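Please read these numbers as outputs of a predicted model, since none were measured by experiment. Just so it is clear: chains get the letters A, B, ... in the order the sequence lines come, proteins before strands, and each one is counted from 1.
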Amino acid sequence: MAKNITPKEQDYSQWYLDVIKVGELADYAPVRGCMVIRPTGFAIWEMIQKYFDDAFKETGHVNASFPLLIPQSFLAKEAEHVEGFAPECAVVTHAGGEELEEPLIIRPTSETVIGHMYSKWIQSWRDLPILINQWCSVVRWEKRPRLFLRTSEFLWQEGHTAHATKEEAIEEAETMLEVYRRIMVDYLALPVVIGEKTEGERFPGADNTYTCETMMSDKKALQAGTSHYLGQNFAKAFEIQFQDKDGEMRFAYTTSWGVSARMIGALIMTHSDNDGLVIPPRIAPTKAVIIPISTNESKLNDEIIPKAHELKALLNKVLGGRYVQVDTQFHMRPGDRFFYHLQKGVPVRLELGEKELEGQKLRVVRRDTGEKTDVLWSDIETALPKLLEDIQNSLLERAHNFRIENTHKVATLDEFKKVIEEQGGFIEVYFAGTKEDEKAIKDLTGATSRCYPLEYENERGKCFYTGKEGARKSIFAKAY
RNA sequence: CGGGAUGUAGCGUAGUCUGGUUAGCGCACCUGCUUUGGGAGCAGGGGGUCGGAGGUUCGAAUCCUCUCAUCCCGACCA
């Protein structure tokens with residue numbers, strides 16, 4: 001048991017903060033609500049970026065960079081958008097030693113500037129679709145910040161596309177949702193539920209919002225990514241028009257979609273334990289660490305360390321990257337070095353000492369279960385990739401089972417209240433209520449609608465709240 | 001932004017109520033020796049604007065005012 005981490009059973013929030021601190025993922029910045037992502041945390045973000053960026057390119061998107069500062073008047077052009085974002089915008093009023101004629105907002109999201117640019121770039125149906133993504137940070141002034149989950153400035157990716165038809169734009173929003181789902185499941189081992197947001201939970205300015213919802217190990221829900229079908233709302237506000245094949249001028253249909261560094265919070269709260277971080281191998285910047293051990297200095301320097309580097313080179317070649325490290329912290333004793341990597345969530349530890357040297361093998365220890373095995377040097381290049389995949393699969397399976405076990409079906413409000421109070425987790429219900437009904441349920445139980453899962457798109461039943469027939473199946477939960 | 005709590009070395013804390021030597025201790029850090037396969041032992045050592053700013057007082061970590069930050073519970077959101 002780690003002595004520098006509060007057990008999650010004792011205080012979940014404190015556990016989360018301790019894991020971040022001990023794992024050296026992030027630290028507080030001098031400004032309230034802002035965080036510094038430290039090298040260990042940023043390396044995870046870089047892994048996340050790599051997989052998502054590759055998938056965006058694979059689906060035909062290109063990267064660009066739009067400015068941080070946006071004229072305040074832009075925000076006001078779309079009524080719902082301004083209502084949703086104005087309260088959390090940071091505004092620049094002075095620059096160059098003078099008061100600005102028009103204040104500038106620091107982007108809370110970029111629909112408006114990008115819409116402005118798209119209107120300049122798009123003339124003809126031949127200019128469509130336009131498929132651009134940007135990796136950047138945005139600022140939303142948060143009342144209650146939490147490291148990674150909700151900070152005033154956060155790193156994210158925002159894709160913005162414009163299309164000639166409604167169908168194509170909806171398909172884009174759904175395609176990107178599926179891209180998100182696939183990467184979260186396959187790489188981050190986050191078993192997400194994808195679905196549609198209710199009206200009350202929709203993005204300000206969207207006609208429809210899709211979401212990836214995931215369950216944390218305290219049974220609360222976390223939105224890990226969203227994709228929006230924006231209809232013609234922004235096209236009309238920013239005059240994104242094109243001349244169609246028939247010669248008519250038409251407004252384009254736009255989408256936007258994003259995932260943020262919040263996913264690192266999701267990773268922590270899904271997989272980590274009371275000893276610290278547990279990082280799924282595919283997203284782990286360091287997938288295995290070789291720890292040379294010996295009290296015999298000449299043996300250590302002449303045989304063990306060279307062998308460690310040789311194995312590292314071999315394994316990196318097999319894994320296709322700089323994923324295996326050799327631990328050279330010889331001022332620390334072996335136990336300290338084991339703990340160091342354990343707490344940073346490195347999926348596999350490879351011990352190389354005199355015994356292993358003798359037997360031409362490695363002591364292999366997996367982070368998730370602590371299970372130990374011995375593997376011959378000659379077998380490690382096939383055994384390690386296989387073990388990493390095993391760990392990846394077992395983390396996903398465990399998280400998936402956890403969600404299934406903590407998902408409850410109820411039919412009445414009384415049952416709903418009882419389950420939320422006594423068990424928590426996800427609640428599946430048929431729901432046909434309004435925005436106001438949702439608010440009432442939240443006031444009563446603390447739970448909100450997370451989404452209408454696409455999985456149950458065609459199922460209908462009687463609403464647990466209003467009693468109306470023909471209601472869609474929805475998931476409710478307490479959420480971050 | 002409302003309610004509650006907390007700020008003393010990198011981390012955890014004693015001291016604060018009842019003002020009074022040089023602010024004490026554990027972990028971590030530095031040096032040396034002995035150690036070394038799941039958080040080592042001994043000896044020596046370095047590190048503090050007591051969150052910050054004012055004030056009261058002969059004297060403030062301690063009392064008063066203001067302020068900043070963090071945590072928890074709400075309202076608002078990736």
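Counting to the nearest Å, the P atom of B:U70 and the OH atom of A:Y28 are 7 Å from each other. Residue A:Y340 contributes atom OH, which lies 14 Å from atom C1' of B:G10 at whole-angstrom precision. If you take OH of A:Y480 and P of B:C72, they are 9 Å apart, rounded to a whole angstrom. Across the protein-nucleic acid pair, A:I5 atom CD1 and B:G38 atom C1' stand 15 Å apart, rounded to whole Å. In this structure, A:I293 atom CD1 and B:U35 atom C1' are separated by 15 Å, rounded to whole Å. Following rounding to the nearest Å, A:E111 (CD) and B:A78 (P) show an atom-to-atom distance of 11 Å. If you take CD of A:E158 and P of B:A78, they are 13 Å apart, rounded to a whole angstrom.
Each of A:L357, A:I305, A:L352 was evaluated against A:L300; a single residue qualifies, A:I305, per the side-chain contact (heavy atoms from CB on, under 4.5 Å) test. For the side-chain contact (heavy atoms from CB on, under 4.5 Å) with A:V364, the lone residue among A:T373, A:L384, A:D374 that qualifies is A:T373.
Between B:G38, B:A78, B:C76, one nucleotide has an atom nearer to the side chain of A:K372 than all others, and that is B:G38. Residue A:K439 places its side chain closer to B:C76 than to any other of B:A78, B:G38, B:C76. The nucleotide whose nearest atom lies closest to any side-chain atom of A:T226 is, among B:A78, B:U36, B:G38, B:A78. Of the candidate nucleotides B:A78, B:G37, B:A75, B:A78 has the atom lying nearest to any side-chain atom of A:E142. When the nucleotides B:U36, B:C73, B:G38 are ranked by their closest atom to the side chain of A:R144, B:C73 comes out on top. When distances run from any side-chain atom of A:E351 to the nucleotides B:U36, B:G37, B:G38, the shortest one goes to B:G37. Nearest nucleotide to the A:R150 side chain, out of B:C76, B:C77, B:G37: B:C77.
Look at B:U70: its Watson-Crick or wobble partner, with both distances under 3.5 angstrom, is B:A5. When both distances must be under 3.5 Å, the Watson-Crick or G-U wobble mate of B:G19 does not exist. Pair assignment for B:U49 gives none, since no Watson-Crick or G-U wobble pairing has each distance under 3.5 Å. With a cut-off of 3.5 Å on both pairing distances, the Watson-Crick or G-U wobble partner of B:C25 is B:G12. Checking B:C76 for Watson-Crick or G-U wobble geometry (two distances, each under 3.5 Å) identifies no partner in any strand. Pair check for B:G54 finds B:C64; Watson-Crick or G-U wobble, both atom distances under 3.5 Å. If you check B:U31 for Watson-Crick or wobble pairing at under 3.5 angstrom, you find it paired to B:A43. Here B:G59 sits opposite no nucleotide as a Watson-Crick or G-U wobble pair (both hydrogen-bonding atom distances under 3.5 Å).
Proximity of A:R32 to the phosphate of B:C68: no side-chain N or O atom is located under 4.0 Å from OP1 or OP2. Between A:K442 and B:C77, a side-chain N or O to OP1/OP2 separation shorter than 4.0 Å is absent. Of the side-chain N and O atoms in A:S13, none sit less than 4.0 angstrom from OP1 or OP2 of B:C71. The shortest distance between the side-chain N/O atoms of A:R146 and the OP1/OP2 oxygens of B:C72 is below 4.0 Å.
Within 4.0 Å of A:Q343, counting heavy atoms only, lies at least one base atom of the nucleic acid. Using a 4.0 Å heavy-atom criterion, one finds that A:A261 contacts no nucleic acid atom at all. As judged by a 4.0 angstrom heavy-atom cut-off over every strand, A:V365 is placed among the base-contacting residues. Residue-level contact check: A:E354 touches the bases, meaning some heavy atom is under 4.0 Å from a base atom. Among the atoms of the strands shown, only primed sugar atoms or phosphate atoms (P, OP1, OP2) are found under 4.0 Å from some heavy atom of A:L17. Using a 4.0 Å heavy-atom criterion, one finds that A:N4 contacts the bases of the nucleic acid, with or without backbone contacts as well. Using a 4.0 Å heavy-atom cutoff across all strands shown, A:G33 reaches sugar-phosphate atoms only and no base atom. Across all strands, A:K21 comes closer than 4.0 Å only to sugar-phosphate atoms, never to a base (heavy-atom distances). Counting any heavy atom pair closer than 4.0 Å across all strands shown, A:G258 reaches no nucleic acid atom. Note on A:L149: a base of the nucleic acid sits closer than 4.0 angstrom, heavy atoms only. A:E356 comes within 4.0 angstrom of a base, heavy atoms only. A:S137 comes within contact range of no nucleotide atom at all, as no heavy-atom separation falls under 4.0 Å.
Per the stacking criterion (ring centres < 5.5 Å, plane angle < 30°), A:F339 stacks onto the base of B:G39. In this structure, A:W156 forms no aromatic stack with the base of B:A78, since the conditions of centre separation below 5.5 Å and plane angle below 30° are not both met.
With the nearest nucleotide of RNA chain B identified for both A:D336 and A:H331, A:H331 has the one nearer the 5' end. Two residues, A:P145 and A:K3, neighbour RNA chain B, and the one matched to the more 5' nucleotide by heavy-atom proximity is A:K3.
Side-chain atoms of A:S256 and A:H160 form no donor-acceptor pair, as typed in the model, at a separation below 3.5 Å. With 3.5 Å as the limit, one finds no donor-acceptor pair spanning the side chains of A:D53 and A:Q157. If you check the side chains of A:E153 and A:S137, you find a donor sitting under 3.5 Å from an acceptor.
Between B:G32 and B:G51, the two P atoms lie 36 Å apart (nearest whole Å). With P as the reference atom, B:U49 and B:U35 are 40 Å apart, rounded to whole Å. One C1' atom belongs to B:C72, the other to B:C30, and the distance between them is 39 Å to the nearest Å. Rounded to the nearest Å, the gap between the C1' atom of B:G55 and that of B:U13 is 29 Å. Atom name C1', nucleotides B:G12 and B:C77: the rounded distance is 34 Å, in whole Å. Straight-line distance between the P atoms of B:C1 and B:G59: roughly 37 Å, to the nearest whole Å. Between B:U8 and B:C50, the distance separating the two P atoms is 12 Å to the nearest Å. For the C1' atoms, the distance linking B:C76 with B:U16 amounts to 38 Å, nearest Å.
Judged by distance alone, with hydrogens and angles left aside, A:R333 brings no side-chain donor or acceptor close enough to the base of B:G41 to form a pair under 3.5 Å.
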Subject >> Stepwise side-chain hydrogen bond (donor to acceptor under 3.5 Å, both in side chains) check, A:T109 with A:R107 >> reply: CA-CA 5 Å; A:T109 177; A:R107 63 182 166 217; over 6 Å; no
field: Check against side-chain hydrogen bond (donor to acceptor under 3.5 Å, both in side chains), A:Y12 and A:S217
entry: CA-CA 9 Å; A:Y12 196 84; A:S217 57; 2.6 Å; yes
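Ring geometry, A:F74 versus A:H116: the interplanar angle falls from 30° to 60°, so the pair is classed tilted. Classification of the A:F234-A:F238 ring pair by plane angle, with boundaries at 30° and 60°, yields parallel.
A cation-pi geometry, defined here as NZ or CZ lying under 6.0 Å from the six-membered ring centre and within 45° of its normal, holds between A:R349 and A:F338.
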